[in-house]
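No hydrogens, no waters, no symmetry mates; every other heavy atom, side chains included, goes into these values. Here the structure is a predicted model, which means the values were calculated and not measured. Below, read A as the first sequence line, B as the second, and so on, with proteins coming before strands; counting in each chain starts at 1.
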Amino acid sequence: MPELPEVEVVRRGLDDWVVGRTVESVQVVDPRSVRRHLEGPTDFSATLTSTRITSAVRRGKFLWMILDGLETPSALVAHLGMSGQLLVEESSATDEKHLKVRLQLSPEAEKPAELRFIDQRIFGGMFLSPLVSTVDHLPGGVGSEIPVIPKAAAHIARDVLDPASTPETLFVALRKRTTQLKRAILDQQVISGVGNIYADEALWAAKLHGLRSTATIRRPDVVRLHTALVDVMDRALAAGGTSFDALYVNVNGASGYFDRSLNAYGREGKACQRCAEAELTSLIRRDPFMGRSSFSCPRCQRKPRP
DNA sequence: CTACGCGCCTGAACGC
DNA sequence: TGCGTTCAGGCGCGTA
């Protein structure tokens with residue numbers, strides 16, 4: 001599943017292969033993938049056709065391409081959801097089983113002709129959204145101007161890799177909430193780009209339990225947590241950024257990081273490596289959380305008293 | 001207003 | 001073996 005580092009790899013791929021080109025035609029193969037375009041698939045295709053893509057931008061897991069040539073300045077927003085892919089391919093390439101949207105791009109030497117959106121589970125999608133100019137009042141950018149951001153992504157906070165996101169802004173945002181720590185860092189309006197996997201990894205690295213209350217969280221805890229979040233994203237980006245075929249903007253959302261470097265997520269019943277290095281034995285446990293799972297070490301992530 | 005839980009989807013993995 | 005059930009996940013939205 002694509003998390004923030006994978007989406008950043010996709011954004012860089014769009015920079016290399018798509019930016020500067022014009023959309024010559026659009027084929028919506030499955031209208032469900034453009035359901036967030038409220039004017040419908042026909043309008044989506046018609047409006048997007050003949051626009052020129054001038055840049056590729058990301059915030060959290062939202063990705064968008066700024067479009068030139070529309071009366072209302074807008075972006076083509078893409079969210080990969082659980083299983084989305086953006087692939088740059090020659091027109092002759094066989095249609096993928098879950099091909100949802102196909103963009104034919106203006107010809108350019110050495111560059112394939114199509115940008116394809118593929119999505120098995122349809123949690124993701126593409127849509128057009130007008131650019132809004134707004135003061136960023138959200139945590140991470142108090143008072144700073146955001147010149148252009150799609151209306152559909154204007155409500156989310158700065159993400160983990162944004163320089164404007166700091167331990168202090170995270171601390172302020174957390175203290176404004178009355179909830180549990182893991183719920184809060186999964187809330188895009190607190191800090192964006194953190195999914196279930198990296199939430200567990202960062203909490204483990206920071207030795208914090210996800211059930212800790214945000215109301216009583218202390219600065220040193222948040223400094224460790226923010227550092228851990230940045231670190232886990234950086235490491236995944238370093239791993240993911242090198243493991244992709246040049247022609248693919250992304251491959252299956254998979255990151256080499258997942259297989260080798262997870263310390264908590266998915267490791268139920270396995271030894272906590274940090275405890276093992278201290279010659280202690282502690283097994284990672286799994287607990288139900290929001291209808292899903294949380295993984296943690298019962299020894300180095302102390303559960304708060306109820 | 002905030003906090004919380006559901007529904008959207010498919011297919012792999014599982015149980016009877 | 002085959003068929004039904006469960007699970008995974010982000011995010012928008014409805015409800016309390």
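There is no side-chain donor-acceptor pair under 3.5 Å between Asp68(A) and Thr54(A). Side-chain contact annotation: Ser106(A) with Arg21(A), donor-acceptor N/O pair under 3.5 Å absent.
Residue His155(A) has a polar side-chain atom (N or O) positioned under 4.0 Å from OP1 or OP2 of dG12(C). Using a 4.0 Å cut-off, no side-chain N or O of Ser293(A) falls inside it from OP1 or OP2 of dC7(C). Within the structure, every side-chain polar atom (N or O) of Arg177(A) is placed at least 4.0 Å from both OP1 and OP2 of dT2(B). Contact between the side-chain N/O atoms of His98(A) and the OP1/OP2 oxygens of dC9(B) is not found at any separation under 4.0 Å.
When distances run from any side-chain atom of Arg292(A) to the nucleotides dC11(C), dC4(B), dG11(B), the shortest one goes to dC11(C). Comparing dC11(C), dG10(C), dT10(B) by their closest approach to the side chain of Glu3(A) singles out dG10(C). Listed nucleotides: dC11(C), dG11(B), dC9(B). Nearest to the side chain of Lys97(A): dG11(B). For Phe123(A), counting side-chain heavy atoms from C-beta on, the closest listed nucleotide (dC8(B), dC11(C), dG12(C)) is dC8(B). Distance from the side chain of Gln120(A) is smallest for dG11(B) among the nucleotides dG10(C), dG12(C), dG11(B).
Atoms NZ (Lys61(A)) and P (dC11(C)) sit 5 Å apart, rounded to a whole Å. The OH-P distance, from Tyr198(A) to dG10(C), rounds to 12 Å in whole Å. Rounded to whole Å, the distance from CD on Gln180(A) to C1' on dG5(B) is 14 Å. For Ile156(A) and dG10(C), the CD1 to P distance is 14 Å, given to the nearest whole Å. Atoms CG (Leu80(A)) and P (dC9(B)) sit 18 Å apart, rounded to a whole Å. Protein atom CE of Met290(A) is 17 Å distant from nucleotide atom P of dC7(C), rounded to whole Å. Rounded to an integer number of Å, the gap from Lys176(A) NZ to dC1(B) C1' is 14 Å. As a whole-Å value, the separation of Asp187(A) CG from dG5(B) C1' is 14 Å.
Mapping Arg32(A) and Arg183(A) onto DNA chain B by nearest heavy atom places Arg183(A) at the nucleotide closer to the 5' end.
A distance of 6.0 Å or more separates the ring centres of Phe127(A) and His37(A).
For the pairing with Asp159(A), the side-chain hydrogen bond (donor to acceptor under 3.5 Å, both in side chains) check across Arg58(A), Arg59(A), Lys61(A) returns one residue only, Arg58(A).
A cation-pi arrangement is present between Arg274(A) and Trp204(A) under the rule of less than 6.0 angstrom and at most 45 degrees off the ring axis.
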